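These notes are about the structure you will find just below.
This is a predicted model, so every value here is computed, not measured. Numbers for residues simply follow the sequence, beginning at 1.
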Amino acid sequence: MFVVEVGSVLTAARLVLDAMARRPGLGFEFQITVWLWLTVLFANFAEAMAEGRGKAQADTLRKARTETIAKRFVDSTRTEVVPAERLRKRDIVLVEAGDFIPSDGEIIEGVASVDESAITGESAPVIRESGGDRSAVTGGTRVLSDWIRVRVTADPGHTFLDRMIALVEGAERQKTPNEIALNILLAGLTIVFLLAVVTLQPFAIYSGAPQSIFVLVSLLVCLIPTTIGGLLSAIGIAGMDRLVQRNVLAMSGRAVEAAGDVHTLLLDKTGTITFGNRQATAFVPLPGVTEAELADAAQLSSLPDETPEGRSIVILAKEKYGIRGRELADKHAVFVPFTAQTRMSGIDLNGRSILKGAGDTIERFVTNQGGIVSPELRGIVDKIA
């Protein structure tokens with residue numbers, strides 16, 4: 001492409017001189033010059049466009065960081081709303097249900113379930129609480145229930161999100177071994193054809209038919225592998241960009257090329273390759289309870305549940321047993337929201353609690369109410385888990 005650019009400069013300069021001298025054949029010379037410059041511009045545009053699309057992921061991450069709002073404590077009771085970028089280390093913020101955690105930090109009070117899928121890819125929410133080894137939280141994750149008080153542990157520019165942005169923006173376009181070999185081949189072919197065209201003019205002059213610089217440059221550009229040279233770097237960047245569109249960061253073309261040799265991929269968690277939402281697929285009743293009774297109770301307990309799991313229970317009961325949503329206003333129903341402390345949710349219907357939740361939590365609740373837990377429950381829960 002450098003040879004093409006040099007040829008474009010030579011033809012452009014010659015075109016200006018011929019135009020000033022009013023020589024004939026300016027149309028042909030102008031056409032050749034335009035095509036040469038279009039070739040140079042296209043090669044640079046293809047690479048610039050691929051790189052620009054590859055940076056879209058960094059822009060998305062940066063937007064998520066700049067648009068987050070934090071509730072920073074002014075004193076022990078009052079808070080003020082500030083952009084997340086203004087937070088500094090040791091600031092204390094309040095994060096409530098539905099809010100995004102504005103920066104990396106440590107929980108100093110409270111317990112909540114946190115959706116960390118945007119950072120870790122884990123589909124299931126995790127419990128984060130003060131004290132112990134589950135107190136660290138990451139900026140960009142979202143609190144699903146309850147509230148927490150967080151002490152910021154990173155200044156702007158040093159958070160996990162900032163490191164991800166720097167990782168994307170600093171991705172270097174490293175040439176792969178195949179590209180290096182191809183570059184050597186292209187350079188060799190270019191030198192051979194350049195020598196051939198240079199030696200062509202003396203023979204043409206000897207034959208009484210000297211050629212113009214426009215014809216010689218056009219012949220050289222047609223002989224050398226211009227198209228491959230112009231698209232070589234863009235091809236590698238396009239491969240990296242295609243991965244970025246699927247939320248996979250490839251730090252070099254070497255990694256993309258090596259991925260072509262992979263036949264088996266082992267991942268450390270299923271949340272990376274499965275749907276982000278867990279879906280109900282079956283009702284497994286205890287002895288003495290029919291599936292229809294269980295489906296009815298499960299649907300009642302899931303009516304106020306707006307999580308994907310709760311919605312899927314309602315849909316499964318409707319599709320499998322024809323149990324549709326019902327009007328509960330006249331039955332004095334009281335919805336029981338999910339909290340990280342109780343790990344249960346459901347409904348109180350005419351003094352009767354219909355709850356669903358973690359297996360050990362339900363066992364403890366039944367025992368505290370004076371009930372008897374079926375010995376088969378633990379086995380069923382462990383088998384499904």
### Task
Run through E96, E109, E106 and flag the one making a salt bridge (charged side-chain N to carboxylate O under 4.0 Å, His left out) with R149.
E109
### Minimum side-chain heavy-atom gap F2-V40 below 4.5 Å
no
### Query
With distance as the sole test, does S302 use its side chain to make a donor-acceptor pair with the main-chain N or O of D305 at under 3.5 Å?
no
### Task
Rounded to the nearest 0.5 Å, what's the gap from OG1 on T33 to CZ on R14? Could you check?
11.5 Å
### Query
Mind checking whether I380 and K383 have side chains closer than 4.5 Å, heavy atoms only?
no
### Task
Inspect the contact between D91 and R88 and indicate whether a charged nitrogen and a carboxylate oxygen are less than 4.0 angstrom apart.
no
### Query
Ion pair present between E116 and R128, side-chain N to carboxylate O less than 4.0 angstrom?
yes
### Query
Can you tell if the side chain of R72 reaches within under 4.5 Å of the side chain of R86, non-hydrogen atoms only?
yes
### Query
Got V82 and L87 here, is their nearest side-chain heavy-atom distance under 4.5 Å?
yes
### Query
Nearest 0.5 Å, what's the CH2-OG1 distance between W37 and T11?
7.5 Å
### Check: V197 and L223 side chains under 4.5 Å, non-hydrogen atoms
yes
## Note on the structure
Between the CG atom in D18 and the CZ atom in R22, the distance rounded to the nearest 0.5 Å is 13.0 Å
